[in-house]
Amino acid sequence: TDRIRDLLVEQVTGAVQWEASMRYLAANGVTRVVEVGVGKVLSGLMKRIAPEVETVAIGGPEDLDGFARIAA
């Protein structure tokens with residue numbers, strides 16, 4: 001329907017409130033975040049936004065040690 005198409009277009013082209021969301025998490029006691037997927041872009045951004053928040057990026061099996069360290 002037209003409504004579904006309009007919502008999909010809005011979803012794909014709309015603004016992402018990622019930075020505001022990360023600031024909110026940091027301000028509300030989040031101390032660790034995990035990025036899952038190829039690359040470390042979001043982890044790097046988080047370090048700039050809230051350097052006190054510990055980050056780890058899991059891009060593949062070789063990164064699971066880092067995850068195990070912060071999950072403990």
Side-chain angles (χ1 to χ4, degrees):
T1 70
D2 289 343
R3 176 77 175 136
I4 293 171
R5 184 184 64 236
D6 293 343
L7 289 172
L8 287 172
V9 169
E10 184 180 330
Q11 175 67 31
V12 171
T13 61
V16 175
Q17 297 297 317
W18 193 84
E19 182 177 352
S21 297
M22 296 305 102
R23 289 190 188 283
Y24 175 85
L25 292 176
N28 285 279
V30 172
T31 59
R32 296 177 180 162
V33 295
V34 178
E35 177 178 1
V36 178
V38 178
K40 299 180 180 182
V41 172
L42 299 178
S43 293
L45 290 172
M46 186 60 167
K47 286 178 186 178
R48 283 188 234 137
I49 293 167
E52 71 280 6
V53 175
E54 184 178 5
T55 65
V56 65
I58 300 175
E62 67 279 3
D63 299 320
L64 291 176
D65 287 340
F67 176 71
R69 178 181 49 78
I70 72 159

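Computed from a predicted structure; not experimentally measured. The figures that follow rest on heavy atoms only: side chains count, while hydrogens, waters and symmetry mates do not.
Distance CD/E54 to OG1/T31: 7.5 Å, rounded to 0.5 Å. With values rounded to the nearest 0.5 angstrom, D63 atom CG is found 5.5 Å from K40 atom NZ. Here the CG atom belonging to L25 is positioned 10.0 Å from the CD1 atom belonging to I49, to the nearest 0.5 angstrom.
Nearest heavy-atom pair across K47 and T55 is CE-OG1, 2.9 Å. Closest approach of V53 to R32, counting heavy atoms only: CG1-N, 4.1 Å. In this structure, G39 and A57 approach most closely via the heavy-atom pair O-CB, 4.1 Å.
Under the 4.5 Å side-chain heavy-atom criterion for Ile, Leu, Val, Met, Phe, Trp and Tyr, V16 and M22 are members of the same hydrophobic cluster.
Only one option out of D2, L8, L7 pairs with R5 in a side chain to side chain contact (heavy atoms under 4.5 Å, CB included); it is D2.
For E52, the CD atom counts as densely surrounded, since its 6.0 Å shell holds more than 12 non-hydrogen atoms of other residues, nucleotides or ligands.
Sorted by first and then second residue, the side chain to side chain donor-acceptor pair (under 3.5 Å) pairs involving residues 11-21 (not counting sequence neighbours) are E19-R23.
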